[in-house]
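Each remark here refers to the structure printed beneath this line.
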Amino acid sequence: MARAFKGFAGVSDVIGAHMDADDLRDVMAEGDGLVANTGLSDLELVWEDAGAATFDTVAFHGCLFESVDFTGCTFRDVRFTGCRFIRCTMDRAWLNRVDFADCSAPGLSLMQARLSSVSMASSDLSYANLSETSIDRLRADRTRFTEAALQRARLKRVELAGCDLTRLDVFGTPLSGIDVSSCDFAAPVLSADFRELRGCTVSPEQALALAELLGVRIAED
């Protein structure tokens with residue numbers, strides 16, 4: 001049985017569709033447009049520029065976004081369910097009360113973005129770039145961040161459960177106060193003095209692996 005996972009977005013899964021794909025493209029073409037109070041299902045956007053639009057109270061279901069530029073966009077009370085992101089960017093975007101559930105977004109770029117009350121469940125963000133991102137309240141469950149970049153980011157109130165953090169690049173990002181003990185946390189990319197790990201909670205098995213990374217030899221019984 002799947003674990004219950006509570007998101008943050010204040011939008012109903014059954015919100016009605018009050019615009020279609022053409023309406024959406026028209027709003028994005030305006031620049032700084034507003035997409036609000038609507039559900040969008042099975043939408044396909046390819047090589048589109050969102051024009052720094054604001055998405056407010058929107059539910060995306062089973063949508064495909066390929067080479068879509070969401071740079072500078074605002075997402076507020078937005079839920080993505082079963083969506084795919086291919087070569088997309090959300091650089092400098094603001095995500096406030098946004099949920100990703102069962103989404104595939106390998107390589108998604110969120111550089112210098114702001115994430116506030118964002119949840120990710122059963123999703124794939126391998127190779128994603130969250131460098132220089134400001135994160136305040138992130139809840140991720142069973143989500144892959146394999147070889148993702150999280151350099152020089154600011155993290156606050158981050159909860160991780162059952163995530164794959166293999167080869168996560170956290171160079172210059174303090175992990176103090178973050179519990180990775182239930183996650184796969186192997187071969188992280190760190191500074192030469194490993195300062196990113198100070199105050200991070202790990203499992204005994206992870207501690208042994210990290211000790212080897214630090215050059216510490218464990219005595220055999």
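Count residues from 1 along the sequence.
Side-chain contact check for Phe145 versus Cys163: some heavy-atom pair is nearer than 4.5 Å. Contact check for Glu132 versus Gln151: no side-chain heavy atoms found under the 4.5 Å cut-off.
Using a 30° and 60° split on the angle between ring planes, Phe70 and Phe55 fall in the perpendicular class, above 60°.
Judged by distance alone, the side chain of Asp56 and the main-chain N or O of Val58 form no donor-acceptor pair under 3.5 Å. Listed for the Asp77 side chain is a donor-acceptor partner under 3.5 Å among the backbone atoms of Gly10. In this structure, Ser123 contributes its side chain and Ala121 its backbone to a donor-acceptor pair below 3.5 Å. Put simply, the side chain of Thr143 gets close to the backbone of Met120: a donor and an acceptor are under 3.5 Å apart. Remark: side-chain polar atoms of Asp91 are not paired, donor with acceptor, to backbone N or O of Thr71 under 3.5 angstrom. Within the 3.5 Å criterion, the main-chain N or O of Ala153 finds a donor-acceptor partner in the side chain of Thr173. Panel note: side chain Thr38, backbone His18; a donor-acceptor pair is recorded below 3.5 Å. In this structure a side-chain-to-backbone donor-acceptor pair under 3.5 Å is present from Ser182 to Gly162.
Leu24 and Phe85 fall within the same hydrophobic cluster, where Ile, Leu, Val, Met, Phe, Trp and Tyr residues are linked whenever their side-chain heavy atoms come under 4.5 Å apart, directly or through other members. By the rule that hydrophobic residues join a cluster once side-chain heavy atoms approach within less than 4.5 Å of another member, Met19 and Phe80 end up as members of one cluster. Linking ILVMFWY side-chain heavy atoms closer than 4.5 Å, directly or via other members, places Val11 and Val118 in two distinct hydrophobic clusters. No continuous path of hydrophobic side-chain contacts links Ile86 to Met28 [ILVMFWY only; heavy atoms under 4.5 Å]. Grouping the Ile, Leu, Val, Met, Phe, Trp and Tyr side chains by contacts below 4.5 angstrom, directly or via other members, places Leu40 apart from Ile15.
There is a side-chain donor-acceptor pair under 3.5 Å between Ser191 and Glu196. A donor and an acceptor atom, one from each side chain of Thr146 and Asp164, are located under 3.5 Å apart. Of the N and O atoms on the side chains of Ser131 and Asn129, at least one donor lies less than 3.5 Å from an acceptor on the other residue.
Rounding to the nearest 0.5 Å places CZ of Arg114 at 5.5 Å from CH2 of Trp94. Once rounded to the nearest 0.5 Å, the distance linking CG of Leu64 with CZ of Arg84 reads 5.5 Å. In this structure, CZ on Arg92 lies 11.5 Å from OG1 on Thr133, to the nearest 0.5 angstrom. Asp99 CG to Arg79 CZ: the interatomic distance, rounded to the nearest 0.5 Å, is 5.0 Å. A distance of 12.0 Å separates NE2 in His61 from CG in Leu43, rounded to the nearest 0.5 Å. Taking OG from Ser122 and CG from Asp141, the interatomic distance works out to 6.0 Å, rounded to the nearest 0.5 Å.
The side-chain contact (heavy atoms from CB on, under 4.5 Å) test with Leu197 is passed by exactly one of Val180, Leu175, Val170: Leu175. Here the rule is side-chain contact (heavy atoms from CB on, under 4.5 Å) with Phe100, and of Val78, Thr81, Leu95 only Leu95 fits it.
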- Message: Working note: Ser176 + Arg198, criterion side chain to side chain contact (heavy atoms under 4.5 Å, CB included); need CA distance, chi angles, decisive distance, verdict.
- Response: CA-CA 6 Å; Ser176 179; Arg198 295 169 188 164; 5.9 Å; no
- Query: Which is it for Ile135 and Leu130 under the side chain to side chain contact (heavy atoms under 4.5 Å, CB included) test, yes or no, and what are the steps along the way?
  - Reply: CA-CA 9 Å; Ile135 299 176; Leu130 293 95; 4.3 Å; yes
- Message: Evaluate Met90 against Ser109 for side chain to side chain contact (heavy atoms under 4.5 Å, CB included), listing each step before the verdict.
- Response: CA-CA 6 Å; Met90 291 183 178; Ser109 183; over 6 Å; no
- Output, in order, the C-alpha distance, side-chain angles, deciding distance and verdict of side chain to side chain contact (heavy atoms under 4.5 Å, CB included) for Leu210 and Val202. CA-CA 9 Å; Leu210 290 170; Val202 299; 3.9 Å; yes
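Ring centroids of Phe65 and Phe60 are separated by less than 6.0 Å, placing the two rings close together.
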